[in-house]
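Note sheet for the following structure.
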Amino acid sequence: MDYEHWYISLNNNYGIRPNIKAWFEDLQTRVNVKEVMFFADFSHKNLADEIGRIRPYTNKIIDTRSPNGTKKDFTDFILLDNIYQKALLADDIEAFVLFSGDGHFSSVTAFLKNIYGKEVGVYAIKGCFSKQLIETSTWTVALPNDADVYGLYYRKIFEYLKEEQNRFSKKLPTYSKVVDAVANDRRLERKKVTFALDKLIEERVISKRNMSGKGNTAKDVLFVDWDLAESKGLYNAEY
């Protein structure tokens, strides 16, 4: 696992953090997991803060920071060295799974698959996935999926509606007001905010009721079924 690739690519392209739990659950459906290793230069503060999120899944967390303080990235070299050592010393391993979109790993995936006859799976981030790496692997998974992407939008929508509810505001949250408020976050695309809100309405987690405002003007006011949202795993009381 090149955790730098996962974290930085997701943050730069989607403004979200890795969903380690969902990834691990997906991985377990594809292979019999014997060992998971995370590699990253954890000297970066944001990545250092991620160690606590990684630890419930493995204690094999390899810090690849330069020992002499230089800015050179050693993550790829250290990861490659570990892959080759594991391949040469552990004949009982049937499958290797790599998380990186870097085309530099296409040689090792080809080696493992064609020379050693191993199953080689690769996870990577959409838009940061080398075509050559895809071609040399046995199977691939491009992340994030819709649940990862729209999970952020769901959370922001719920956060806004909960804040409005707690304020006891006389101005009831309308459809357009929610879209405008949530889309003000520069990381969030208005089109995706609308899609996420429509999805929540379609699933009856949020209901849209036509109510009269000033001058008998009709407005689409939104109401949340918080119990249903929580039971579907879309809302967490910690938000």
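In this text, all values refer to a predicted model and were calculated from it rather than measured experimentally.
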note = Note: Lys126 and Pro144 closest approach over all heavy atoms is NZ-O, 3.0 Å
task = Report the residue from Phe39, Trp23, Phe38, Tyr14 that forms a ring-ring contact (aromatic ring centres under 6.0 Å, His included) with Trp6.
result = Trp23
ask   = Taking atom NZ of Lys113 as the centre, does the number of heavy atoms from other residues, nucleotides or ligands within less than 6.0 Å exceed 12?
value = yes
note = The single option from Phe129, Tyr3, Trp139 that satisfies ring-ring contact (aromatic ring centres under 6.0 Å, His included) with Tyr123 is Trp139
message = Can you tell whether the side chains of Arg53 and Glu50 come within less than 4.0 Å, N to carboxylate O?
response = yes
key: Side-chain (Asn13) to main-chain (Ser9) donor-acceptor, under 3.5 angstrom   = yes
inquiry  = Given the ring of Phe96, does Lys86 sit roughly above its face, with NZ or CZ under 6.0 Å from the centre of the six-membered ring and within 45° of the axis?
reply    = no
ask   = For the side chain of Ser137 and the backbone of Val122, is there at least one donor-acceptor N/O pair under 3.5 Å apart?
value = no
query = Just wondering, more than 12 heavy atoms not from His104 lying within 6.0 Å of its NE2?
reply = no
Over 12 non-hydrogen atoms of neighbours within 6.0 angstrom of CD in Glu203 = yes
ask   = Under 3.5 Å, side chain of His5 to main-chain N/O of Gly101, donor-acceptor pair present?
value = yes
query = Pick one: which of Thr194, Asp220, Asp198 meets side-chain hydrogen bond (donor to acceptor under 3.5 Å, both in side chains) with Tyr175?
reply = Asp198
request  = Could you tell me whether a side-chain N or O of Ser130 sits under 3.5 Å from a main-chain N or O of Leu133, the two making a donor and an acceptor?
outcome  = yes
request  = Would you please indicate if the ring centroids of Tyr153 and Phe195 are separated by under 6.0 Å?
outcome  = no
task = Look at the side chain of Thr64 and the backbone N and O of Ala40, then say whether any donor-acceptor pair between them is shorter than 3.5 Å.
result = yes
